[in-house]
Each structure stands twice: as C-alpha cells, then as structure tokens.
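The structure appears right after this line, and notes come after that.
Every chain is numbered from 1 and lettered A, B, ... according to where its sequence line falls, protein lines coming before strand lines.
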Amino acid sequence: MKPIATTRSASSIPTGRLAIWWVLASEVVIFGGLLGSYIMHRLGHPEWGETAAHTNTWIGAFNTLVLLTSSLMAVLAHDAAEQGDGKKAARFIGMTMLGGITFACVKSFEWYTEISHGFTITLNGFWSFYYTAAGLHALHVIAGTIIMGFIAFDANRGRELQRVELIGIYWHFVDIVWIFLFPLLYIAK
Amino acid sequence: MAHSSTAHAHEHAHDHGPQGILKYIWSTDHKIIGMQYMFTGMFMALIGGFMAYTFRMQLAFPGADIPLFGVVSPGEYNALVTNHGSIMIFWVAMPVLIAAFGNYLIPLMIGADDMVFPRLNRLSYQIFLLSAILIIASQFVPGGGFGGAWTSYPPLSANPAYNLTGLGATMWLLAVALEFVAFLLGGINFIVTLMNARAPGMRAYDIPIVVWMIVIASILFMLSVGPLMAGAVMLLFDQTLGTGFFDPGTGGDPILWQHLFWFFGHPEVYVVLLPALGFVAEIITVFSRKKLFGYKTVLYTAVATAILSFFVWAHHQFVAGIDPRMANVFTVTTLLISIPIAEVLFVIIATLYRGSITLTVPMLWALAFVAEFLIGGVTGIFLGASGADIYFHDTYFVLAHFHYTFFPIAIIGTFAAVTMWFPKMFGRMMNEKLGRIHFWLTVTAFNFIFIPLFILGTAGQHRRIYDYNHFPQLATEGLQDLRIVATTATVVLLLSQVLFLFNFFHSLFKGEKAPDNPWKSNTLEWTTSSPPPHGNWPPDAMPNVYRGPYEYSVEGREDDYWPQNQPA
Amino acid sequence: MSAESHSRHYIKIWAILVVLLVISVIGPMFGHKWLTLITAFGIACVKAYLVAKHFMHLDIEKAMIRWVLITSVVLMGLFYAGTAPDVMEHTGLHWTNDAAIYASENPVHEPGDHHAAGAGEGEAGHAAGEHGGDAHGGGDAHGAPAGAEVASTAEAGSEQGGETEEAAAPAPDGEVAEAAPATAGAAPGFDAAAAFQSSCSTCHGEAGDGNGPVGAALNPKPANFTDPAFWEARDDAMVHKAIKEGGAAVGKSPMMAPWGSTYDDAQIDAIVAYLHHFNTAGGATTEAAGETP
Amino acid sequence: MPQLFLDQASSYAHEIDNLIWIIAAAVGFWFIVAEAVFFGFILKYRAKPGQRAAYIEGTERKYTRFISYPHMIIILFDVVLIAGSIRVWYLVKQQLPDADRTIRVIGQQWAWTFVHPGADGELDTDDDIRMVDELHVQVGDTYHFQLTSTDVLHSFSVPVFRLKQDAVPGRTITGWFQPTRTGEYDIQCAEICGIGHGIMAAKLFIESPEDHAAWIAAHNPTASLQ
C-alpha cells in the first residue's frame, strides 16, 4: 500500500526519478573523492606511469565497449517501457544484465592475471588505487545487475515500469564513471 | 526499544500493518521510525555521558579507582575520549536532531501521510541500529575500543602496531561507515519527501523553517560525506590489507586523510547546527506569538552557511603540516562564515522584539540555546584566526569552544524539541515544574564545566592527556582545582538527567491528556490528533495550505494564531 | 517520432561512442603527451556528455537536477584545489615531503624489486642511523625514509627522572641488529629480533638494558634484560603474560602495553626466547629459568 | 598589553598574545551587545494580559536597519581581525629569519629527541649532541628547527613560545623561534599519538650564553668519552 505522499509530485519530477538523481549526486561525490585523491597522487608521482604500463589496455577497452553496449540496451529498455511494452523492456534489461555480467567476468579474469604476476594491491601506490577504484566501480556494476534482475522480473509482468528508467539512469552513471576510469587507470602511461 | 511509549498510539491506529510487538520493530510509519531513532539516540547519550564521567574523574583524580569503572589505564583513557566524541556526534546528535525529529515532523509539517519511501526509511534505521551495536561492541574486543581520537588520523589509526587497538579501530571505522550509509538513505528520503510530497497550496515559503533546516542539513551531509566514504574505504584497506594510502613508508600521505576528513568534518558541524536552529526558531515564534523576523533572511542565510561551509575545512589543520600559505585562504573564509551565522542569531533575537513572551519549558530551552550558542560562536573567531590558532590549536580552549556549540545543539536543542513536541508525539503533557528544575540544573552545571576548561585551555593545557602531572607547568594547584570543579559539575549535570528521564517516562503514562494544539501553534502537525493516527489525517481529509506558518498576532483577528490549513 | 526512429537515434549515438572509444585507444599509441591528453581525456568528457545528454535525457530534465549534479562536480574541484598543494606537491614553504621524494626516486615497479633496504635518508639530510621500516605488526618491512631511528644515545637523558610510568613503544623497527642470533623454532619465519627492534627497543633499549629513549622518561624503569636478577625473579610464563596482556596483568606498570592484539602466542614465545640472549650471566637458558617468579 | 597566563619566552609570543587580546576585545564587545539586547527583549516583552504581540514581517526597512548596520560593522571587525591574524601568521610561519643555530626535533612514539649542533654550531657533524626529552637553547639566539616524526603524527608544542607545529611522518617541516627569557619550561605533544601520548613531556632549558657554553662542553661527546 503506497502512501499518498509517494503519489504526489509537487516538483513535477516523478518521485522515483528525483530520488535516483540525488543518489547519483552522492555517488558523484564518493567517486569524485576517490578519483581526486588518485589524480593528486598520480600527478605527484609521474614514475607511476612505468608500473601502470603493466595494465592491459585492450581488456580495458573491451570492457568499455561492453559497458557502452549495455548502456545502449538500458536506454532501449527505457524506450520500450515508455511505450508500456513490459516484456520487451524486460528483454532489453536482460541484455543489459548480460553486459554487466560480462564486464564482471572480464574484470575478474584481468585481475586474476595481474595478481598472479605479483601486481597485488599492496605492491605500490598505483596498484592500491587501481584495485580500490576499479573494485568500488565493479561493486556498483554487480549491485546494478542484481537490482536489474528484480526490475526485469516486475517489468515482465508489466508492473512498476517506471523503474526501468530509474535503473537505466543509474546504469548510465556507472558507465560514465568507467568512461573516466578507463583513461585514468589504463591509458595514462 | 520503543514499545512502552507508543502503546498509547496503538488505540487510534486502525491500520492493517503487522500487529503486536512486530508493529513497532517492523513498522514503516515515519512516526514510529522517528521514535526508534530518538530512543536509540537517548540510550547512546547515556553511554556517551558515562564515558565523559569516567575520563573527567580520571582527570580530576589521576590514577584513582573510579566508581563504576575502576582504574583508567592510558589506553582505556584514549579509547574513552575517542568513543565519547564519536558516539556523541554520530550516534546522539545526528540521529536525534536529524533522523528522529526529521522523520517525525517532516511528513506532519508538510501535510503528508508518510515519507515517500517508507521501506527505505525502515532500512536506514536498521542500518543505523547495526552501526550503534557495532560501536558498542568495539569497546569490548581484545585491545579495547579504538584509541586514536574521533578524527582517527593515520598512521596511528591505520597501523595496529601504533594504536594497539587494531580490532577496535577497524570496528570503529565500519560502524562510522555504516552510520554514513544510514544517513545517506535517510537523507534521500527527507529531500525527496519535501520536494514532492508537500500539501497542495504549500509554496516554498510556506514550509516551516525547521523542515527547511533539516532538509538543507541532509543535502549538506550528502554532498560532503562522499570523500570521507572514499577515505574510509582507503583507511579500511590500510588497516586490513596493508596498503599504503596513508603510510609515508610506501609513499602514502597522512595529510590526505586530514583533508578528506575535514572536508566532511566542517560541513558536518553545520549539519547538526541547522536542525537545532530550526527547532529554536520554531519554538521562539510560537512562544513569543510573533511572526519569524524575516523568514527569507533565515532561509537564505542557512543556504549561505551551507555553501560557505565547504570552503573552510582546513582551519582544523592550520598547524597540521599544510602549506602555510593555504592557511591565509582558510582564515578569510572561516571568519566570513561567522557572518551568516551571526545574521541568523540576530534575526532570531529580533523575533522576540515586541512579542508577548511566555516562558514555558520549551521556550526556556530555546532561549538558553541562543544565549549559550553565542558564546560558542564568539569563541570560534579565536580559532578561525590562524595567528591565534597557533597557540590554541588542540588545547582545551578548542574543546570548550566546540562544547559550547555542540552542547547547545545536541543537548539543549534536543530538550527544546522533546519538550515542545512531546504532547504531539505521546498525547500527554510533561510536568512543568520538573521541567524547570531540570532546565536550571542542566544549564548552570553545563556552564560550570566549560568555563573552567576555557581557562585551562588558555593556560596551555592540551587535549587527550590522561594525567597532567607529567607537565610541571600544568600540574599547579590552581589548575588542578579547575579540573575538579569541572568534574563535579559534570557529575551534577549527569545526575540531573535522571530528573528528565523520570519526567519523560512518567509523563508517558501518567501525564495529563494533551489537547491537539496545546501551544496554539500554526503548523500542520497541530491540526491532527495527539498522537496522530497512522497516515496522520484521514485519507479524504488531507490538509490544504493557505498561508505561511508564522501568521501570529495578525491585526484584526480575534485569535493570535492562524493555522495554515484554515481557509482564508 | 515513431518507435523505430527512437531506437535508431540511440543506436546512432552508440555508434558515435564506439568510434570515439577507438580513437581514444589509438590516440595515445603515438606517445605524444598532448595527443594522449586530448584523445584519452578529451574524448572521455565528450563521451560522458553524449551519454548524459542522449541516454540520461539530462537535456530535457528539469534545470534543478542539472544544477545539483554540477554542484557536486564543482565541490570535487573545490576539494581538489584545497588538497592538491599538500598532497600533489612534494615541497612547499618550509616543508619537504621526504617520503614522497624518496618514493619517487626509488619506485617499486616490478613485484620483485623492493625498496633498497637500509638506504640512507632522502636528500633532506637526516644524519640519523638506519631509518625505520614501517612495522605493520612485524613481518614485511618496506624500506621507509620516514625520520630517523633513535640510535642508542650516549646521553640517554639519564638524570631526567620524572615520575612517569614505564612506556612500551612500537617505534618503527631499524634494520636487524647484527649481533642477535635469529631464534629458531618458536614461530617459523618470524623475526623476533626485528620485532624487538620495532616494538620494544624504544623503552627497553636496543641493548635490552632498560634505558631506551622513552624508557629514560619512565619511573619505574623498564625491565633490564641484561640483569641476571631479572631472570631469576620470574619465569618465562610471567614474561609471556606481561608481553601478551600488558604490565598491569602481572602487577607491573600499566605503561607496558598489551601486545596480544599485535603478536600471537608463538611469536611472543619467540620474543621471550630472544630476550634471553641479553642475559650477561651466561644466558640462563629458558629451561633453567624454572625458579618461582 | 597584559600577557596571558604563561610567560612570554619567545620573540613573537607577545605578538600572538596581542592578537588574542584584540580578538577578545572585538568579539567580547559584540557578545555583550548581543546578550544585552537578547535578555533585554526577554524581560521587556514578557506576556502581559490583554497586550498582543506586534505583527512584523521582518522586511520593513525600519526594523531591518537594526540588523544590517551592526552587520556591516561586524564585517569591518572581521576584516581587521583577518588582517591582524594574517600578519601574525606571516611573522611566525611564513617568514624565516636567518638562524644562528639549527636543531633537529624528532617526534617518536612517546619521546622527543633533540639533535643540538654541538660546539661547532653545525648540524650533522660528529660533535652533535642528541638529547632525549631535553632541549637546551641559548637565550637571544635565533633557532631554526627541522621537525619530523618517525612513526605517527606528533605536535611540537612549546606553550611559553606560543609555538605549535605538527610533526608529520615522512615530512620535514622547518620553523623558527628566538628565546627571550631564561628558565626551565615544558614541551608538550599536542597531537594524539597513542597510549603514551600522556607521558611525552620534554624539558626546555633556556640558558644564558655562559651556562649554554658550559652545557655544551659538558656534553661534548668527543671531549668527555666516559
């Protein structure tokens, strides 16, 4: 039973979307703090470029492609949901989830190879930031994928279709964070 | 937790939610969640108060066997001081001021039946409860509670070999991080509820100032806590995995943590200040029967304070190793931020002008807030000015300053709000005489604690030392007497809280019945029954709003108040 | 706008993003600094703008939302501006960040290479003895430039009595003292001598004679392991308990901190065994020290 | 200006004290005015039967004048205080007069180590005198101190000098002081540094030139190899 409060929209923005934008504002500040600290250290220690060379740019690029494609799927899902087609929206969200899972698998494979070569989190400053930043981002990707599971389940039954747009916005944000993480961690050599 | 107190609300409730005991633990009603926060906050205040009693006794009688605790070892002293600070700020001030009264009052004051996300609201309390349990448990783990100050500067906090409370430090950090998550979730609920769930007809300037203040505080908290969340992850990895973010040995930088912490730290003190200012402004308008002097002034200065609070953080680090040239920038911004705060206090004082003031217990507390907070604000200038801070940094002058701001905020502000909205929350009136005795005991005892500490601070006594006999210049007879005065005043203050607890729990059941609008106030929460039923108003009779919340003593009207929901 | 044009529009945006991705990967290949900067970071900003505009419909969202997001980004810029002068720069007005300078000059790139152990100070010119490695609870000792280990001083401020209790001090461990034999057996791979240097020498002195720098300021004096009477007066179990639960647990000064949360029992046994080597009276071996405490 | 509780034993101690007194005066004035007006209103406008409160929007020029004018003056006061504070801050922390001697101060978990330059006046020579928890300086000389820490944050605090500077592990921070009064004073650690933070006291001996020379001779390691 939803309270009357949730149905009201005094600011003419639907409650769900307004909430997700505030969630994103707090996420920007968290990732901003972490990446800010990383950039400070990175500019202070140009020699990190040498150890950063051991990151595999191709895997990073592929992961970026995976996230961009899953972002496309998310926006198509939102488009379908707007037309009220719950089943089609659920299918597109399924594809987005597939992108998320692929990203996580590629990331774990990448880490496995790097750690086995001895580039652990405690090796030096760069690798500490590398695993912390990429790890926090991967956590957000996994959380997003799990939530999408629930939303796809509901959308398939034509319920709560507006949530498809909300998880889409969250997913695009996670994609934008990766768009900045990719050059910072992989390309700045 | 809250079962006894809300038994009364049960009779009116006709809802179909979980019944019996589960109704209170698993409820999504904003009023019950508000009370859960309040009772948890009050319980944690007792723990924080006990810790203060213990280390104050150690300071007055070094090495003595302290009743109810025993001999305080140096490690335990550090843990007591650290956890007193952390508990009082994160588990007393924030839950009671923002979460308890925010949850309880915001839907009622804007004419909504509940928060926009009731289940998220319940989840935020459950995460908060978990963090409270975690911080209490961290006192009893091997090695004891974390002993590195509530600011937990690395490398002391990052390395168990340095702080000797490795497990306590990690549990402390997890508890604080969980508390941040709880208030992020709660904050989103407050902001979206205010923006979307307002009663029809309630324009931006019709919103009561206390709701504005709590929501501005939530926005301020949300935008400032981010870097510290990232810092907490980095410190957690330093503590557990052995990374070197803040360890100079591997090229890390301890100053980075200080910046991450205080970038959050200073907005944090305004996060707790603004709701208290909101309560005080609300109560003073009601009991002086006068319109708030310059509603827009108060609102815009609150927003100005929130924005400026992001520019001042490094005045905590003048002598902490930052570049001396940066200190000048932060001196200027710090002294500038004193102007909006002075403006808000002047406006609240101006509200009393040509009013008809009745000194009820809530009014006494609100006036005491203004009187005491002026001292706190005024002594901040000494510390904001970098030149004087060279001498005063980390002395008891700093400690007395922030207690003259935190005590009015967290204790006097809370008592003002509790005594003001108790009739609405529990449908009973509190005892007036007991309230006055408790008021005068608490406020006088408070001053007798911290005026001596100002003097001790000026004499060069610095913080977190468990026994001042090691410093001949501080071990003089006169200074030790001041410490004993402060300790006896602390004991008096803590004992007088027994009066309040008796008054509170006795009035819950035996207090005389409270009418719907005992103080003849205009805001919407007084237009429903006390305590309000589930859903606050019958679904078909949700209030509409026709005017601002402060139309008191309007010329030409017979009543000297004009509730917001009465059609013109 | 029919449904198809909607999705075709999104696919078009997606295609642009992929192209931009390819450019941003290839650009830095040429190795020019400014080319890398433009392609990698410039394109990242363009891609972020495209996603925000077309996918998140920020352009048709209410202005207030854009202002909230812009504020949070501006705040991060503000945080960066306030913090960078201290963290990014390695020197400033009257201060030098020796740790950062040292880390820049002796970087750790490969998993193999370690900080040159025992190297002298960064150019800040400390004349101190060997610099301490960070303790991390014993075990892995990265070389660390931080400050100076307090060499055993001739003037240990002996006459400075003062009625302070004894303090145990985990100072960063110096390099392994040569003389002490590595103790075998108790905790394999655990270097008791290094643990003694890092955690005990500040009070008990590097020679174990109880007048380390901090010990000098203590009353009662820290235990003197070179004094045979010390070993006659107590057995290893009591010494173990003193280390594990702190001095107060055995009726001694509470300033002897409990180390149970830093070293486990096997490691403490190794330390106790190591302490015996200080005993000048022919090293009463652990077995012989069976007298009543 | 009268000094605070502690003696002023350094050349800039009186500067800091004067700044504190100026702030006290400026801030005390406004504090008294605000409290007086506040209590005045409470007493004057107590509720009297039949007498109603006034309806004041708070936007009328007539009333807001009484807030905006004081506010302008407060801004002026603030500017004066900022100027005074930056002047003192520049004097103590930003400028560095050339030194007669340089000492090294090393903070470590729970002891201060002072490296005195010894007879030759040069640091890092073999005649340096390393003292624990005892700093011997000559009155009148300008000293530079190189401050560092070996493990955690400490804070080199000498109340009689009105001097405080945190010792950050991994950094060397240089500051200065010039003692102006002989005597024996306290040195404190003003940043929490663990279990022994409470016993990290050190002694400051400000000696006349003769006593200081005698002390150096007595402690010269090469001369007195006992």
Heavy-atom side-chain proximity of D/K44 to B/L352 below 4.5 angstrom: no
Matching residue for D/Q188 among B/H462, B/Q473, B/Q461 - test: side-chain hydrogen bond (donor to acceptor under 3.5 Å, both in side chains): B/H462
Atom group of D/E15 that falls short of 4.5 Å from chain B, counting heavy atoms: neither
Approximate separation, where rounding is to 0.5 Å, of D/I20 CD1 and B/D389 CG: 10.0 Å
Best-contacting candidate, B/V332, B/V347, B/L292, B/T358, against chain D by heavy atom pairs under 4.5 angstrom: B/V332
Atom pair CD1 (B/I349) and CZ (D/F38), whose distance is rounded to the nearest 0.5 Å: 6.0 Å
Part of D/V160 lying under 4.5 Å from any heavy atom of chain B: side chain
Contacting region of D/T64 [heavy-atom separation from chain B under 4.5 Å]: both
Contact class of D/Y185 relative to chain B, heavy atoms under 4.5 angstrom: both
When B/A388, B/A385, B/S386, B/G460 are compared by non-hydrogen pairs under 4.5 Å with chain D, the top option: B/S386
Whether D/W89 side chain and B/I390 backbone form a donor-acceptor pair below 3.5 Å: no
Side chain, backbone, both or neither of D/L147 within contact of chain B (heavy atoms, under 4.5 Å): neither
Engaged part of B/L345 at the chain D interface, taking heavy atoms whose separation is under 4.5 Å: neither
Max heavy-atom pair count under 4.5 Å with chain D, selected residue of B/G75, B/G321, B/A371: B/A371
Chain B contact via D/I74 - which portion, at a heavy-atom distance below 4.5 Å: side chain
Rounded distance (nearest 0.5 Å) linking atom OG of D/S157 with atom CG of B/D394: 9.0 Å
B/F346 and D/W30 aromatic ring geometry - parallel, tilted or perpendicular at 30°/60° bounds: tilted
Proximity breakdown for B/V81 and chain D, heavy-atom pairs closer than 4.5 Å: neither
Side chain, backbone, both or neither of B/R463 within contact of chain D (heavy atoms, under 4.5 Å): backbone
Contacting region of B/F318 [heavy-atom separation from chain D under 4.5 Å]: both
Chain D contact via B/Y552 - which portion, at a heavy-atom distance below 4.5 Å: backbone
Contact origin within B/D253 toward chain D - heavy atom pairs under 4.5 Å: side chain
Pair B/S338-D/D78, side-chain donor/acceptor within less than 3.5 Å: yes
Part of D/L19 lying under 4.5 Å from any heavy atom of chain B: side chain
Nearest-0.5 Å distance, NZ of residue D/K164 to CZ of residue B/F392: 9.0 Å
Residues in residues 54-63 of chain D near chain B [non-hydrogen atoms, under 4.5 Å]: D/A54, D/Y55, D/I56, D/E57, D/G58, D/Y63
Interface moiety of B/I348 toward chain D, non-hydrogen atoms closer than 4.5 Å: neither
D/H71 portion near chain B, given a 4.5 angstrom heavy-atom threshold: side chain
Proximity breakdown for D/A167 and chain B, heavy-atom pairs closer than 4.5 Å: neither
Interface moiety of B/P254 toward chain D, non-hydrogen atoms closer than 4.5 Å: side chain
Chain B contact via D/V168 - side chain, backbone, both or neither, heavy atoms under 4.5 Å: side chain
Top contributor to chain B contacts, counting heavy-atom pairs under 4.5 Å, from D/R46, D/R52, D/R87, D/K93: D/R52
